Amino acid sequence: MPTPGIVSKLPDVGTTIFTVMSSLAAELGAVNLGQGFPDFPMSEKLTGLVSQAMRDGYNQYAHMNGYKPLLETLAEKIESLYETRINPDTQITITPGGTYAIYTALTTVLRPGDEVIVFEPAYDSYIPNIGINGAIPVRIDLQFPDYRVDWELVRRKITPKTRMILLNTPHNPTGAILRPEDMRQLQEIVKDTRILIHSDEVYEHLIFDEIPHSSILRYPDLLERSFVSFSFGKVYHCTGWKLGYSVSSPEFTKEFRKVHQFNCFSCHTPSQVALATYLKDKETYLSLGAFLQKKRDFFARLMAGTKFTPLPSYGSYFQLYRYDRISDEPDKDFAIRITKEYGVAAIPVSAFYQEEKDDHVIRFCFAKKEETLENAAERLMKI
Ligand code: PMP
Ligand code: GLN
């Protein structure tokens, strides 16, 4: 008897570029400015609170929705930042990371044949998440080189089958952000339609130059048709924790939790207990933008001594650089070559497009110690 085979549900999906570049960097001992994670230590206060929670016996399943005091702290934080009242019991769910929150939101609502508007370059989980639910990605390019949304084009792409629009601000990989004017356009477009929104806000506090974050949570008319995903790992420098949360209306949250309860069910308890205390102090998150902005500016000063040309970064912990003064190679070849020959790993931006689109830009992650950034820039100056 032949062994039974499977027909791939994701035939076009290979290994994510983040793993490819991190493995190459590790193999070659290159400085890794590719995959987005900090190389500096996270808050000792927060790790101390986790150890304390473990010693205090918080080692069994947390509530499926999340540890109640953490949900309450998050609701207070949302109210103070965005002036929106969220019911912690019925509108917030703790998840094992932002990626899971996004997948769960999309799986909660998408049905085969639904169309989903997704802006490219797009974080690489979005399109497979749409596809595995039998829905259809409708891809729209952000406007190179400032990566703005062309809302007229969005209007033209909407059909009776459009079910969802995916947003991401601050944006990975470009560092672009949505502004209040974008939100007004969005309000106009979706009103009186059945279009839902997923807003990926995992870089929530990582926004620079004192620009306010255009969270969906500021807009009650948008929030009632949205799922908003966050990541503790991304903002508190502990990507390995894989902990995040989803915010939506009570009606949407009820359905989200049906998917969540038979998937992960509940998340790591001691980290939730620790965060419930840690986030009471507003400085823990209000200081993050300035902290990363310093790193962006430090890296930019170093990079001024290279032949790379920066594109603006307003948020996230990424900055794009053009390399047209160095080479006209495809970006994937260029990224691999500089990892091998100069010992610095970056992410080619074409990896964030479904079909070949190469503007000859690569993404560097500047959430690194000063010495790492100096080491990388020294190597890049030789190109
Ligand atoms: N969305 C974007 C845009 C990201 O860059 C990341 C980072 N991995 C995530 C979602 C997922 O975050 P997490 O690591 O919490 O799953
Ligand atoms: N979000 C991270 C990045 O863009 C990577 C996370 C992952 O490896 N999936 O680099």
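We count ligands from 1, going down the list as the structure has it; atoms in each ligand are counted the same way. On a predicted model such as this, the values are computed, not experimentally measured, just so you know. Basis for what follows: all heavy atoms, side chains included, without hydrogens, waters or symmetry-related copies. The residues of the chain are indexed from 1 along the displayed sequence.
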**Student:** Specify the protein heavy atom at minimum distance from atom 9 (N) of ligand 2: its residue, its atom name, and the distance to 0.1 Å.
**Tutor:** Y123 OH, 3.3 Å
**Student:** Please report which non-hydrogen protein atom sits nearest to atom 7 (C) of ligand 1, along with the residue it belongs to and the distance in Å to one decimal place.
**Tutor:** K234 CE, 3.0 Å
**Student:** Could you check atom 11 (C) of ligand 1 against the protein and tell me its nearest heavy-atom contact, residue, atom and distance included?
**Tutor:** T99 OG1, 3.1 Å
**Student:** To the nearest 0.5 Å, what is the distance between OH on Y123 and OG on S316?
**Tutor:** 12.5 Å
**Student:** If you take the nearest heavy atom of each of D200, T95, T239, L243, which one is closest to atom 2 (C) of ligand 1?
**Tutor:** D200
**Student:** Heavy atom to atom 8 (O) of ligand 2, shortest distance: which of K234, M21, Q35 holds it?
**Tutor:** Q35
**Student:** Pairing donors with acceptors under 3.5 angstrom, does anything connect the side chains of T95 and H260?
**Tutor:** no
**Student:** Using distance alone, determine whether F318 and ligand 2 share an N or O pair under 3.5 Å.
**Tutor:** no
**Student:** For the residue pair Y103 / N263, report whether a side-chain donor-acceptor contact shorter than 3.5 Å exists.
**Tutor:** no
**Student:** Is it true that Y203 lies under 4.0 Å from ligand 2, counting heavy atoms only?
**Tutor:** yes
**Student:** Is a side-chain donor-acceptor pair under 3.5 Å present for Q52 with R55?
**Tutor:** yes
**Student:** Is there a side-chain contact between C365 and F299, using heavy atoms and a 4.5 Å cut-off?
**Tutor:** no
**Student:** Between D358 and H360, is there a donor-acceptor pair closer than 3.5 Å when you use the side chain of the first and the backbone of the second?
**Tutor:** yes
**Student:** Quick one: does N172's side chain get under 4.5 Å of Y203's, heavy atoms only?
**Tutor:** yes
**Student:** Using heavy-atom distances only, which candidate in G36, G98, S125 approaches atom 12 (O) of ligand 1 most closely?
**Tutor:** G98
**Student:** Are N172 and ligand 2 in contact, using a heavy-atom cut-off of under 4.0 Å?
**Tutor:** yes
**Student:** Relative to the heavy atoms of G97, which atoms of ligand 1 are at a distance of less than 4.0 Å?
**Tutor:** 15 (O), 16 (O)
**Student:** Considering only the protein, which heavy-atom contact is closest to atom 8 (N) of ligand 1, and what is its distance?
**Tutor:** Y123 OH, 3.0 Å
**Student:** Among protein heavy atoms, which sits nearest to atom 14 (O) of ligand 1, and what does the distance come to when rounded to 0.1 Å?
**Tutor:** K242 NZ, 3.2 Å
**Student:** What is the nearest protein non-hydrogen atom to atom 5 (O) of ligand 1, stated with its residue, atom name and distance?
**Tutor:** Y203 OH, 2.5 Å
**Student:** Which distance, rounded to the nearest 0.5 Å, do you find between the OH of Y314 and the CD1 of I177?
**Tutor:** 7.5 Å
**Student:** Do S249 and E251 meet the criterion of a side-chain donor-acceptor pair at a distance under 3.5 Å?
**Tutor:** no
**Student:** If I apply the N/O under 3.5 Å rule, does N172 come out as touching ligand 1?
**Tutor:** yes
